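Lettering of chains follows the sequences in order, A, B, ..., and the numbering in each one begins at 1. For clarity, every value in this text was computed on a predicted model and none was experimentally measured.
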Amino acid sequence: MIPDCTNCGFKSFAVNTLDFNQIAFMQDKCTETVLKRGEVVYKEGASFQSIAYIRSGLVKLHKIGFNDREQILKIVKAPNYVGIPIAIGHFIAQYSVTVLEDVTLCFISIDTFKCLLDENKNFAYQIIVDLCKNELDNYKNCLHKVQKHSAGLLADALLNFASSIYNSLEYKLPLSRQELADLIGTSRENVSRMLSDFQRDGILKIENKYINIVDVKRLKLISGLG
DNA sequence: GCATTAACCACAG
DNA sequence: CTGTGGTTAATGC
């Protein structure tokens with residue numbers, strides 16, 4: 001399905017810099033798709049043809065590590081591009097992207113994207129801004145994963161969902177316990193135990209996947225302690 | 001030594 | 001898929 005880029009309600013900063021002709025050019029080369037939870041945007045190791053612009057929904061970027069252990073690299077909320085780093089220099093997906101909450105997205109072919117980068121320096125600049133922000137986030141994340149203990153990491157993850165993704169202290173976790181473990185780099189048993197502890201200590205109220213952060217202060221304290 | 005942290009295994013729901 | 005308990009290894013005080 002061909003999208004209506006001009007009247008899109010989720011235009012990226014980059015696309016806002018395009019002129020009438022450029023946006024028409026892009027629109028002709030775009031396909032809009034709806035994907036449900038569990039469906040795959042990219043599969044690590046498979047051939048890669050298009051950048052995806054996530055217009056709505058939530059996805060995870062993940063990669064198989066040593067001993068076939070799954071690592072969730074990051075959770076990405078719409079609106080956002082995924083796959084740009086692959087498009088620049090690879091033909092094979094370097095990581096997987098899988099839907100956590102139903103998504104509408106637009107695929108843009110690599111050639112079209114590169115063409116726009118070439119034609120419009122403001123577009124290119126906005127893309128760079130985005131990539132730089134991601135890079136800095138990744139540095140921070142990397143330090144945390146290496147230096148913090150798992151309780152601190154779990155606290156970080158829970159606080160992150162509240163502040164960056166759901167804007168609420170109550171939310172439904174988009175991840176299983178195993179995925180939560182894959183996100184912070186620990187075992188699912190450990191996640192179970194820590195969640196039980198948090199609940200026992202009155203920091204959280206938990207009902208299956210529904211999380212209610214009752215005592216943000218304590219949770220932030222745990223995050224701060226590492 | 002003793003405590004803490006976390007991985008791995010096993011078993012139950 | 002989840003929660004819990006037991007065991008073991010590594011590390012810090």
Legend entry - A:E70/A:H62 under side chain to side chain donor-acceptor pair (under 3.5 Å): CA gap, chis, key distance, verdict: CA-CA 7 Å; A:E70 173 90 352; A:H62 53 115; 2.5 Å; yes
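- Each of A:K220, A:K145, A:K148 was scored for a side chain to side chain donor-acceptor pair (under 3.5 Å) with A:D156, with one residue passing: A:K148.
- Each of A:R188 and A:G185 was matched to the nucleotide of DNA chain B holding its nearest heavy atom; the match closer to the 5' end belongs to A:G185.
- Protein atom CD of A:Q199 is 14 Å distant from nucleotide atom C1' of C:dT4, rounded to whole Å.
- Distance CD (A:E207) to C1' (C:dG3): 16 Å, rounded to an integer number of Å.
- Comparing atom distances between the A:R193 side chain and each of B:dT5, B:dC11, C:dG5 picks out C:dG5 as nearest.
- Remark: A:S150 is not in phosphate contact with B:dT5, judged by side-chain N or O atoms under 4.0 Å from OP1 or OP2.
- With no hydrogens or angles considered, no side-chain donor-acceptor pair links A:S109 and A:S50 at under 3.5 Å.
- Distance CD (A:Q178) to P (B:dA7): 12 Å, rounded to an integer number of Å.
- Taking every side-chain heavy atom of A:K209 into account, C:dT2 is the closest of B:dA6, C:dT2, C:dG3.
- Residue A:N190 contributes atom CG, which lies 15 Å from atom C1' of C:dG6 at whole-angstrom precision.
- Atom C1' of nucleotide B:dA6 and atom CG of A:L153 are separated by 12 Å, given to the nearest angstrom.
- When each of A:E189 and A:M194 is assigned the nucleotide of DNA chain B bearing its nearest heavy atom, the one mapping closer to the 5' terminus is A:M194.
- Checking B:dC11, B:dA6, C:dC1 against the side-chain heavy atoms of A:S176 singles out C:dC1 as nearest.
- In this structure, A:I184 places its CD1 atom 13 Å from C1' of B:dT5, rounding to the nearest Å.
- What separates CG of A:N208 from C1' of B:dG13 is a distance of 13 Å, to the nearest Å.
- A donor-acceptor contact under 3.5 Å is not formed by the side chain of A:R177 with the base of C:dG3.
- In this structure, A:S187 reaches the B:dA7 phosphate: one of its side-chain N or O atoms is under 4.0 Å from OP1 or OP2.
- The side chain to side chain contact (heavy atoms under 4.5 Å, CB included) test with A:F123 singles out one residue from A:D118, A:I128, A:L116, A:N16, and that residue is A:L116.
- Side-chain atoms of A:Q178 and A:D182 include a donor-acceptor pair closer than 3.5 Å.
- Residue contacts for A:S192: at a heavy-atom cut-off of 4.0 Å it reaches a base atom on one of the strands shown.
- In this structure, A:Q147 atom CD and B:dT5 atom P are separated by 17 Å, rounded to whole Å.
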